[in-house]
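The sequence lines fix the lettering, A, B, ..., with proteins before strands; numbering per chain opens at 1.
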Number of protein chains: 2
Amino acid sequence: MATIKDIAEKVGVTVTSVSRVLNNRGYISEMLKKKVHEAMEELNYQPNEVARSLIRKKSNIIGLIIPDVSHPFFGEVTYYIEYYADKNGYKLLLCNSKLNKLKEKEYINMLKGSQVDGIIMGSHTMDTKDYTSIKLPMVTLDRQITDTIPYISSDNYKGGELATNLLIKKGCKKIAHISGNLHLNLLAKLRHDAFKKVILNKGIEHIVLQTDLNGFNYDEYEQLVSAMFQEHPDIDGVFASSDIIAAQVLKECYRIGKSVPQDVKIVGYDGIQLGQLITPGITTIKQPTKDIGKMAVSLIIEQIEGEDVPKENILPVKLIERQST
Amino acid sequence: MATIKDIAEKVGVTVTSVSRVLNNRGYISEMLKKKVHEAMEELNYQPNEVARSLIRKKSNIIGLIIPDVSHPFFGEVTYYIEYYADKNGYKLLLCNSKLNKLKEKEYINMLKGSQVDGIIMGSHTMDTKDYTSIKLPMVTLDRQITDTIPYISSDNYKGGELATNLLIKKGCKKIAHISGNLHLNLLAKLRHDAFKKVILNKGIEHIVLQTDLNGFNYDEYEQLVSAMFQEHPDIDGVFASSDIIAAQVLKECYRIGKSVPQDVKIVGYDGIQLGQLITPGITTIKQPTKDIGKMAVSLIIEQIEGEDVPKENILPVKLIERQST
DNA sequence: TTGAAAGCGCTAACAG
DNA sequence: CTGTTAGCGCTTTCAA
């Protein structure tokens, strides 16, 4: 690979001058500019960003830690984060924590070592102090760690209300809520809280199930859902905390001969693109993945640039009614 | 952030010695080792990988260019690539090209500038010479660019045969194949070739449709599939080039009142995890995403280490029969 | 067993 | 408008 020195020699000036045209800083003659650009073309020169990072103390890299990119919700969010990062001249280092505490720690150290300019955290298994000691621009997705670390979430409480109210409105008498892990302090817990409030308020029979901690496991979902219908065959409404789980519920209904929405009504969560493809369409609460990604990037960049950013960033959700209700 | 100098001063030695214990190279007294490690603990020291990369001329970063992480197939592959990269001490820089030629070029330059040690290319919209001029360890997914650049693909021809034969065996009389873009020189084209060969061989009526170039667009799929059934209402078998498209076909069948598999039989491709959730289950040709990811990483690393690697790497596919056939 | 010195590729005062 | 010099944080000969 050609270096700045090569092109300096070729043009017959010092590296300083070349650096100047590279960065378009200070006075440079048109003549020099032209020659340098030509030489760059010829030698196929590409500035070494590693060297630049070292001296500028800025890598232009954002680290992203999520449980699993292959989960459709995180896949979509990641897509948009990468999109907006690139648009703003940043690169994305991707880390899949699998909701594993140790891996999460290691990734954070790795990212610090790699001199990333900021971290977007979509996985939160560690203790509060582990996050506060990071000392790097940070933004979390769906978790409020302290009031100093900005977070982005969609309006989980509202989502929980919308889903629960819809099921009630449609006449469900016994409703199950299948939530994610309730102990991780995720804001997604608010969906559960809203569910409880609404349902208690209306005095409707209900149960709450929780999926386990070990990431996203389709088999686990399957067992959970199957056991649920076995123990509570009279369930006629399910509010699932993800579209994946909702699809699992739908599948189980088919398997045991319950028709949807006649016997059982189902509401999912996330509004993943793939949800459109399932028949009957699963009613869902759509999270604005694009806006989440965009905001995550802008909040990180603003912090990198030393600006103050709002700590609470709650984006609206939207109820999408399809055939499962 | 503490630097090597800080810890050298704290311990009362030179940076050279500290560097030695960091890298466990050369003679170092146990005493020094211990002291240095203590100081590292105390100052929460993390070696600056940017500085290391600069001097070692090795970043330990792999670049990954794919069309779109939020597409489930690529999401899964990306997940495994990151997994194995991390396992081998490498980091992953993620790039979504959206199958856009210009973006792909820019990403490649960006990755070169970032001094990545190698590139895994899962997006191929450029011309052959653009790839050969990259001069960096590289491996492509599903495209044979030249006989010098190693590629990984699953056995597309076999997959096409399996799918087509199954549909025929199940009694289909008019079979449609919905392929991806046939002009991108992807090896996925072999699915189409196999389809043609088998179907002509048996003299069965058929049509071939092609999805467009602009990445993955659910609306486009919808229109395509809808138009297909309108023009050819007598189609009773569909071999789709992805599970997503197959799901779209299934959905359209529901919409227009065709039952699956009685009226129309469907075979998808990829074997994405999400496919399990759809009812009726869509028969599919499963690509070994985990093995693909693992092999991509190992082929890149072997090249980085100067080893020769096999150029053609074809992994087996597997027919998974579900209810759509 | 440890240190001095050079240098990776680039930027940035400060001179001229 | 251009060059000299120092230095980012680290590794690595070569000496001691």
Side-chain angles (χ1 to χ4, degrees), chain A residues 1-37 39-40 43-61 89 109-117 135-136, chain B residues 1-37 39-40 43-61 89 109-117 135-136:
Chain A
M1 281 277 276
T3 74
I4 197 175
K5 209 174 156 193
D6 296 322
I7 104 123
E9 279 171 7
K10 191 169 175 79
V11 177
V13 291
T14 56
V15 293
T16 314
S17 298
V18 178
S19 172
R20 282 205 185 86
V21 359
L22 275 179
N23 297 285
N24 229 321
R25 172 188 322 288
Y27 301 101
I28 359 164
S29 67
E30 282 308 315
M31 183 63 183
L32 213 205
K33 254 186 195 167
K34 191 164 151 286
K35 276 171 136 178
V36 166
H37 281 127
M40 280 168 54
L43 299 186
N44 210 281
Y45 173 73
Q46 193 73 25
N48 183 328
E49 293 298 332
V50 169
R52 285 178 148 183
S53 299
L54 183 59
I55 195 159
R56 291 183 177 151
K57 296 180 178 309
K58 181 155 189 304
S59 64
N60 273 279
I61 299 179
N109 284 331
M110 180 275 269
L111 291 175
K112 285 171 104 169
S114 301
Q115 312 298 117
V116 300
D117 296 331
K135 312 277 181 227
L136 217 54
Chain B
M1 280 275 277
T3 74
I4 197 175
K5 210 175 153 192
D6 297 323
I7 103 125
E9 278 171 7
K10 191 169 176 79
V11 177
V13 291
T14 56
V15 293
T16 313
S17 298
V18 178
S19 172
R20 281 204 186 87
V21 359
L22 277 180
N23 298 285
N24 227 321
R25 171 189 319 290
Y27 301 100
I28 359 163
S29 66
E30 282 308 315
M31 183 60 183
L32 215 206
K33 254 188 195 165
K34 190 164 152 286
K35 274 171 139 181
V36 166
H37 281 127
M40 281 168 53
L43 298 187
N44 209 281
Y45 174 72
Q46 193 73 23
N48 182 329
E49 293 298 332
V50 169
R52 285 179 147 184
S53 299
L54 183 60
I55 195 159
R56 290 182 178 155
K57 294 177 179 311
K58 181 153 188 304
S59 63
N60 273 280
I61 299 179
N109 284 332
M110 180 276 267
L111 291 175
K112 285 171 104 169
S114 301
Q115 312 299 115
V116 299
D117 296 330
K135 312 279 180 225
L136 217 55

**Request:** List the steps and the verdict of side-chain contact (heavy atoms from CB on, under 4.5 Å) for Y45(B) and V18(B).
**Result:** CA-CA 12 Å; Y45(B) 174 72; V18(B) 178; 5.7 Å; no
**Message:** For a side-chain contact (heavy atoms from CB on, under 4.5 Å) check, start with the C-alpha distance between N23(B) and R52(B), then their side-chain angles and the critical distance, and finish with the verdict.
**Reply:** CA-CA 11 Å; N23(B) 298 285; R52(B) 285 179 147 184; 3.6 Å; yes
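At the phosphate of dC8(D), neither OP1 nor OP2 sits under 4.0 Å from any side-chain N or O atom of N48(B). Listed pair R25(B) / dT11(D) fails the phosphate criterion, with no side-chain N or O lying under 4.0 Å from OP1 or OP2. For dT2(D), one of the phosphate oxygens OP1 or OP2 lies less than 4.0 angstrom from a side-chain nitrogen or oxygen of S29(A). Residue Y27(B) places no side-chain N or O under 4.0 Å from the OP1 or OP2 atom of dA16(D). Between R56(A) and dT11(C), a side-chain N or O to OP1/OP2 separation shorter than 4.0 Å is present. Not one side-chain nitrogen or oxygen of K57(A) sits closer than 4.0 Å to the OP1 or OP2 atom of dT11(C).
Within the 4.0 angstrom heavy-atom criterion, only backbone atoms of the sugar-phosphate kind lie near T3(B); the bases stay farther away. L54(B) comes within contact range of at least one nucleobase, with a heavy-atom separation under 4.0 Å.
The distance between atom CD1 of I4(A) and atom P of dG7(C), rounded to the nearest whole Å, is 18 Å. Summarising the geometry, the separation between CD1 on I28(A) and P on dC1(D) is reported as 9 Å, rounded to the nearest angstrom. Atom C1' of nucleotide dG9(C) and atom CZ of R52(B) are separated by 19 Å, given to the nearest angstrom. In this structure, K112(B) atom NZ and dG9(C) atom C1' are separated by 17 Å, rounded to whole Å. In this structure, D6(A) places its CG atom 9 Å from P of dC10(C), rounding to the nearest Å. Rounded to whole angstrom, the span from the CD atom of Q46(B) across to the P atom of dG9(D) amounts to 15 Å. Nucleotide dG3(C) holds its C1' atom 12 Å from the CG atom of L32(B), rounded to whole Å. Note: NZ (K33(B)) to P (dT2(C)) measures 11 Å, nearest angstrom.
Annotation: K58(A), atom NZ; neighbour count of heavy atoms from other residues, nucleotides and ligands within 6.0 Å is above 12. Atom NZ of K112(B) has more than 12 heavy atoms from other residues, nucleotides or ligands within 6.0 Å. Under a cut-off of 6.0 angstrom, the local environment of NZ in K34(B) is sparse, with at most 12 non-hydrogen atoms contributed by other residues, nucleotides or ligands.
Residues S17(B) and L32(B) share a closest heavy-atom pair of CB-CD1, 3.7 Å. Between K10(B) and A39(B), the closest heavy-atom pair is CD-CB, 4.1 Å. Residues V50(B) and S114(A) approach most closely at CG2-O, 3.8 Å, considering heavy atoms. Scanning all heavy atoms of the two residues, the minimum distance from V116(B) to S59(B) falls at CA-OG, 3.5 Å.
In this structure, the separation between CG on D117(B) and CZ on R56(B) is 11.0 Å, given to the nearest 0.5 Å.
Relative to the axis of its first five pairs, the axis of the last five pairs of the helix from dT1(C)-dA16(D) to dG16(C)-dC1(D) sits at 40°, rounded to 10 degrees.
Each of P47(B) and R20(B) was assigned the nucleotide of DNA chain D with the nearest heavy atom; the assignment lying further toward the 5' end belongs to P47(B). Summary of the strand contacts: K5(A) and I55(B) both lie near DNA chain C, and taking for each the nucleotide with the nearest heavy atom, the more 5' one is attributed to I55(B).
Listed in residue order, the members of residues 7-17 of chain B having a heavy atom less than 4.0 Å from DNA chain C are V13(B), T14(B), T16(B), S17(B).
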